[in-house]
Number of protein chains: 2
Amino acid sequence: MPPRDNLGEFEQLVLLAVFRLKADAYGMRVRQEIETRTNRPTSIGAVYATLDRMESKGLLRSEVGESTPARGGRPKKIFTLTALGSDSLRRSMEALSKMRHGIKMGDLEWLV
Amino acid sequence: MPPRDNLGEFEQLVLLAVFRLKADAYGMRVRQEIETRTNRPTSIGAVYATLDRMESKGLLRSEVGESTPARGGRPKKIFTLTALGSDSLRRSMEALSKMRHGIKMGDLEWLV
DNA sequence: AAGAATTTACTCTACAGTGTAGAAATGCCA
DNA sequence: TGGCATTTCTACACTGTAGAGTAAATTCTT
């Protein structure tokens with residue numbers, strides 16, 4: 001009964017961003033969060049495509065923001081994790097943790 | 001100059017398996033390692049395709065095993081991480097860690 | 001106050017790369 | 001030769017990625 005399908009790496013990053021941004025989880029902001037935290041350039045198209053696909057899969061749910069934008073601009077589309085989404089995320093993180101168990105970042109430094 | 005291309009999720013699992021198996025890192029064994037650790041069914045084709053692609057990208061290097069097989073069977077192809085490979089792996093793990101920083105597995109339990 | 005300009009954010013399209021499966025082929029030993 | 005362990009091949013679905021284009025809201029202009 002738990003979801004069986006695995007998440008891609010970018011999907012995990014997006015899900016994590018949505019989770020930590022809470023009520024502020026909309027496309028542009030998600031992109032910014034990923035770029036500043038991971039320091040990896042991320043196109044806006046990649047973010048939206050991924051958000052939409054995950055919504056189709058039922059991992060995310062969305063609603064149009066209600067607040068008044070500061071200085072104009074199109075309304076935000078706020079994303080939230082569904083039960084399925086948080087479950088998938090947890091499973092993916094666990095899989096990676098188990099494979100990584102006991103390995104420290106430093107262990108990878110010296111390799112030829 | 002460090003590699004810029006990102007690793008997929010399964011690629012990370014395979015790289016981690018190769019790293020921890022050391023001299024015993026060959027296809028069938030890698031598959032087993034991933035299945036038993038993450039408890040996720042993994043086809044042998046997926047493993048080999050990924051190993052080969054990563055070798056092409058220069059993340060892995062391979063050599064034919066020299067030992068005598070126990071009861072017959074084709075010789076093993078042993079894989080090892082290259083500098084590029086360990087570097088990519090470290091970078092991917094870091095990106096995930098940064099996005100995940102401060103979030104505990106348990107934080108994902110209660111979500112609706 | 002109407003229309004234009006500005007701001008912010010989202011949609012669409014297309015293609016390369018990764019994930020996945022399983023049947024078939026290969027090399028080794030007895 | 002026959003059985004076994006392991007790898008190779010082929011094919012297709014899904015994910016990653018980019019960026020130009022479109023849309024909705026506010027503010028400026030006259």
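Every value quoted in this text rests on a predicted model; they were computed, and no experiment measured them. Because only heavy atoms are used, hydrogens play no part in the values below, and waters and symmetry mates are left out as well, while side chains stay in.
- Listed by first and then second residue, the salt bridge (Lys or Arg N to Asp or Glu O under 4.0 Å) pairs that reach into residues 92-102 of chain B come to none, sequence neighbours excluded.
- Between A/L60 atom CG and D/dT15 atom P the separation is 13 Å, expressed in whole Å.
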Polar-atom pairs under 3.5 Å, protein N or O versus N or O of nucleotides 24-27 of chain C: list them with distances, or write none.
unit_1: C/dG27; atom_1: N2; unit_2: B/G73; atom_2: N; d: 3.0
unit_1: C/dG27; atom_1: N2; unit_2: B/R74; atom_2: N; d: 3.1

(Q) The test is side chain to side chain contact (heavy atoms under 4.5 Å, CB included); show your working for A/L51 and A/V14 and say whether it passes. (A) CA-CA 7 Å; A/L51 284 170; A/V14 171; 3.5 Å; yes

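- Distance check: A/R91 CZ to A/L96 CG gives 14.0 Å after rounding to the nearest 0.5 Å.
- Ion pairing between a basic and an acidic side chain is recognised when a charged N comes within 4.0 Å of a carboxylate O; A/K57 and A/E11 show such pairing.
- Summarising the geometry, the separation between CD1 on B/I78 and P on D/dA5 is reported as 16 Å, rounded to the nearest angstrom.
- The side chain to side chain donor-acceptor pair (under 3.5 Å) search around B/T80 returns none, not counting sequence neighbours.
- Considering only the side chain of A/A46, D/dT17 comes nearest among D/dT6, C/dT20, D/dT17.
- Against DNA chain D, the stretch residues 28-37 of chain A makes no heavy-atom approach under 4.0 Å.
- Between A/D52 atom CG and D/dC14 atom C1' there is a gap of 15 Å when expressed in whole angstrom units.
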Which pairs would a plain distance check flag for residues 26-34 of chain A, meaning a side-chain donor or acceptor within less than 3.5 Å of a matching protein atom at least two apart in sequence or in another chain?
unit_1: A/R29; atom_1: NE; unit_2: A/D24; atom_2: OD2; d: 3.2
unit_1: A/R29; atom_1: NH1; unit_2: A/Q32; atom_2: OE1; d: 3.0
unit_1: A/R29; atom_1: NH1; unit_2: A/E33; atom_2: OE1; d: 3.3
unit_1: A/R31; atom_1: NE; unit_2: A/T42; atom_2: O; d: 2.8
unit_1: A/R31; atom_1: NH2; unit_2: A/T42; atom_2: O; d: 3.2
unit_1: A/E33; atom_1: OE2; unit_2: A/R37; atom_2: NE; d: 2.8

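- A distance of 7.0 Å separates CE in B/M93 from CD1 in A/I103, rounded to the nearest 0.5 Å.
- Closest approach of B/M105 to A/S97, counting heavy atoms only: CE-OG, 3.5 Å.
- As rounded to whole Å, 13 Å separates atom C1' of D/dA23 from atom NZ of A/K77.
- As rounded to whole Å, 16 Å separates atom P of D/dT15 from atom CD of B/Q12.
- Of the candidates D/dT8, D/dG19, C/dA9, D/dG19 carries the atom nearest the A/I44 side chain, counting heavy atoms from C-beta on.
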Q: Could you please spell out the steps behind the side-chain hydrogen bond (donor to acceptor under 3.5 Å, both in side chains) verdict for A/S62 and A/E55?
A: CA-CA 8 Å; A/S62 72; A/E55 181 169 23; 2.8 Å; yes

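- Taking only side-chain nitrogens and oxygens, B/S43 never comes nearer than 4.0 Å to OP1 or OP2 of C/dT20.
- Panel note: side chain A/N39, backbone A/T36; no donor-acceptor pair is recorded below 3.5 Å.
- In this structure, the CG atom of A/L51 is 14 Å from the P atom of D/dT17, given to the nearest Å.
- Note that the CE atom of A/M54 and the OG1 atom of A/T82 stand 10.0 Å from one another [nearest 0.5 Å].
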Mind listing the N/O atom pairs, protein and nucleotides 13-18 of chain C, below 3.5 Å?
unit_1: C/dT18; atom_1: OP1; unit_2: B/K57; atom_2: NZ; d: 2.9

